[in-house]
Structure formats: C-alpha cells, structure tokens
**Student:** 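Supplied in structure tokens, the structure appears directly below.
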Amino acid sequence: SLNGPMITIRKFSQERYTVEDMLHRFHSLSQAMGDFLHAGILGRKNIIVSGGTGAGKTTLLNVISLFIPDGERVITIEDAAELRLKPHSHWGRLESRPPNLEGKGDISIRDLFINTLRMRPDRIIIGECRGPEVLDMLQAMNTGHDGSLTTLHANSTHDVLVRLSSMMLLSGIDLPLRAMYEMIATAIDVIVHVARFPDGTRKITGITEVAGMLEDGQQLDLQDIFVFQHKGLDSEGNVLGEFKPTGYVPLCYEDLITRGIRLDKNIFNP
C-alpha cells in the first residue's frame, strides 16, 4: 500500500435469502425463471452460476441450493466458507488452506475435490472454480455426480466457455479444442448469469442451455432460455427492463418430465 495501511473486511450477511426474496423483494428473477431453476435442481442438472465480482453469484447459489432434497448427501468445497445450506442434514463442508510461512501445509481446492469423490456424494458444490480444478469438476459431472453446482467469473453466459477452456489448460493437460468442448457439452446443462447494475440491483440477465456441439465440431451450441431485456434508467436512476423467455424449449425439458417433475411448458412462451 502506497498511502499507508489498508484493511478490507468482507462481512457475510446472517440473513438467509429464499427464492421468494429474490422474486418479490429484490426482483432479481421472474416466476418462470424460478420455476425452471427449481425443476433443474430437482432434475439433477449440472448448473454453473456466472457473473462478475460482487454480482451475487454466491447468494444465488445459496438460494437455488435450498431446492436440493434433504435426503441427498452434499459436499461443498470453498476457498472461504460462504455457502449456507442449513437445515440440510447430509452436508459436509470442506475449505481450502493456504501455505504457512514456510510454504508448506497448503491444501488446494483440487486436492479437496479429488478426496471428495471418495466420500460418495450425491452432489458436489464448489464455491468458485478459478483454476485447474475445473477439469476434475467436469470429469466428475461426466461420471455420475449429476446435479453439481459451481460459480465462475465471466461477463456473460457465452463467455463462460472461454473461461472454462482456458482454466482446463491450466491443469497441464494439453487437450485439443474439440475434446474440451465435447467434455463441456456433456458435463454442463445450464448456465445462469447474474449481473450487478448501476443502481445496485442484482438480476439474472440470462439462463442458457448448453445444447451440445454444432455441426462443425468447433463450437458449442448455446441456446438462451430466459433473458433480461434492459431498457434504460428512469428519472431516479433505477434500472428499467423485463424478464422474458426467448421461446426456446430446452432439450432437458423432456427429461425433467420423464423424472416426474411438473413444469408448465407455457413458461417458455414469449
């Protein structure tokens, strides 16, 4: 610090938010978005929550994790313990540890993740993927740990793919682009992007399905399901806009119905 000591305190709220708070109190999403996310969690879809710093990724992850049935065994892995899944009765919490002054004793998220796979979890929730552990996460999602959740720094749902592929390269394994995209396409089902607006409000600006690979094999097929249409600011500086479905019916809809989850198809109508 050039101008003297600096201290930053990150204080976590003791209040537990629910999807009703997000709907009626903060207006962060629409009822249709909430219904779809609820169905996606019950249907064990792998979901990534993306957004910038302070956008509310962890808060949203806390909210949608409340949809997880109580009988499932959940393991959470974090840098700093922010997730609060109580009153979930089968919840194991793991936290990474930095090295000591001698540079020893560090436990990385990747170390925790590898060990977590031996704990027979039904779901794995990573507080934030920011390094080589993303490769282990994608492999776990491809090998029976459906319904896993994580957050990721990105500017949009489409930017998530760039971040994922670049972090996979950090693992030291030289994979061709097509192989990385195939792994992402089979592992990730839904990407939810949350953004913080100038008036301080936080809103889900997009829910996108990873619908597989395009025919050229060099790109992933991303289909927006819901979007927030920003229409400017009012006289007091508040954000104007509305949440709208795009009209695209996600490929996972039929699978959700097959699993016995009731989800009205009309929520996708624009």
Side-chain angles (χ1 to χ4, degrees), residues 17-41 43 45-67 149-164 184-185 188-212 214 219-254 256 261-270:
Y17 298 127
T18 65
V19 71
E20 296 299 322
D21 292 322
M22 304 286 281
L23 271 169
H24 306 297
R25 183 174 164 189
F26 303 122
H27 306 289
S28 297
L29 73 167
S30 65
Q31 183 66 55
M33 286 176 165
D35 292 342
F36 177 72
L37 290 177
H38 190 183
I41 295 294
K45 299 302 172 187
N46 295 321
I47 299 175
I48 287 183
V49 178
S50 66
T53 302
K57 299 187 299 297
T58 303
T59 300
L60 180 60
L61 191 63
N62 269 325
V63 169
I64 63 177
S65 65
L66 295 175
F67 298 142
L149 307 168
T150 188
T151 68
L152 193 73
H153 277 279
N155 295 323
S156 67
T157 54
H158 296 255
D159 188 45
V160 168
L161 302 181
V162 180
R163 291 276 296 144
L164 281 173
I184 293 171
I188 307 300
D189 296 304
V190 176
I191 302 172
V192 182
H193 187 74
V194 59
R196 184 177 185 272
F197 286 88
D199 62 350
T201 58
R202 295 167 172 86
K203 300 181 186 295
I204 294 178
T205 57
I207 298 179
T208 303
E209 181 184 46
V210 182
L214 293 175
Q219 287 183 313
L220 287 171
D221 185 14
L222 298 182
Q223 297 289 341
D224 292 332
I225 306 171
F226 298 97
V227 295
F228 175 72
Q229 292 186 343
H230 186 200
K231 297 182 178 179
L233 304 173
D234 63 13
S235 58
E236 297 180 355
N238 298 317
V239 169
L240 298 175
E242 60 179 328
F243 301 103
K244 296 192 69 174
T246 62
Y248 170 77
V249 178
L251 299 178
C252 63
Y253 175 76
E254 295 298 331
L256 295 176
I261 300 168
R262 295 182 179 180
L263 184 63
D264 187 3
K265 198 172 186 178
N266 292 324
I267 67 172
F268 304 115
N269 295 332

**Student:** So, for Ala39 and Leu256, which heavy atoms are closest and what is the spacing to 0.1 Å?
**Tutor:**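 For Ala39 and Leu256, the tightest heavy-atom pair comes out as O-CD2, 3.5 Å.
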
**Student:** Applying side-chain hydrogen bond (donor to acceptor under 3.5 Å, both in side chains), which residue pairs with at least one partner in residues 152-161 are found, sequence neighbours left out?
**Tutor:** Glu128-His153, Thr157-Thr208

**Student:** Are side-chain heavy atoms of Glu209 and Cys252 found at a separation under 4.5 Å?
**Tutor:**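 A side-chain contact under 4.5 Å exists here.
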
**Student:** Applying ring pair (Phe, Tyr, Trp, His ring centres under 6.0 Å), name anything that partners Tyr248, two or more places apart in sequence or on another chain.
**Tutor:** none

**Student:** Is a donor on one side and an acceptor on the other found under 3.5 Å between the side chain of Asp189 and the backbone of Asn46?
**Tutor:** yes

**Student:** Is there a side-chain contact between Val160 and Leu164 (heavy atoms, below 4.5 Å)?
**Tutor:**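 Yes, their side chains come closer than 4.5 Å.
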
**Student:** Using only atom types and a distance under 3.5 Å, with no angle test, would you say the side chain of Gln229 pairs donor to acceptor with the backbone of Lys244?
**Tutor:** no

**Student:** Would you check if Thr246 and Val227 make a side-chain contact, meaning some heavy-atom pair closer than 4.5 Å?
**Tutor:** yes

**Student:** Would you list the pairs meeting side-chain hydrogen bond (donor to acceptor under 3.5 Å, both in side chains) in which at least one residue belongs to residues 48-61, sequence neighbours left out?
**Tutor:**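 Listed by first then second residue: Ser50-His193.
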
**Student:** Excluding sequence neighbours, so at least two apart, what forms side-chain hydrogen bond (donor to acceptor under 3.5 Å, both in side chains) with Glu254?
**Tutor:** none

**Student:** Is a donor on one side and an acceptor on the other found under 3.5 Å between the side chain of Lys203 and the backbone of His27?
**Tutor:** yes

**Student:** Any side-chain heavy atom of Leu29 sitting closer than 4.5 Å to one from Phe226?
**Tutor:**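 A side-chain contact is absent here, since even the closest heavy-atom pair is not under 4.5 Å.
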
**Student:** Mind listing the side-chain donor-acceptor pairs of residues 30-38 below 3.5 Å, one per line with the distance, residues two or more places apart or on another chain?
**Tutor:**
residue	atom	partner	partner atom	Å
Ser30	OG	Met33	N	3.3
Gln31	NE2	Asp35	OD1	3.0

**Student:** Could you tell me whether the side chain of Asn62 reaches within less than 4.5 Å of the side chain of Tyr17, counting heavy atoms only?
**Tutor:**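 Not in contact.
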
**Student:** Any side-chain heavy atom of Ile47 sitting closer than 4.5 Å to one from Val192?
**Tutor:** yes

**Student:** Can you confirm whether Leu233 sits close enough to Asn238 that some side-chain heavy atom of one is under 4.5 Å from a side-chain heavy atom of the other?
**Tutor:** no

**Student:** What do the steps show when you test Val49 against Leu149 for side-chain contact (heavy atoms from CB on, under 4.5 Å), and what is the final call?
**Tutor:** CA-CA 8 Å; Val49 178; Leu149 307 168; over 6 Å; no

**Student:** The criterion is ring pair (Phe, Tyr, Trp, His ring centres under 6.0 Å); which residues satisfy it with Phe197, sequence neighbours excluded?
**Tutor:**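 By the ring pair (Phe, Tyr, Trp, His ring centres under 6.0 Å) rule, Phe197 matches Phe228, His230.
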
**Student:** Kindly check if the number of other-residue, nucleotide or ligand heavy atoms within 6.0 Å of CZ (Arg262) is above 12?
**Tutor:**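 Not more than 12 within 6.0 Å, no.
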
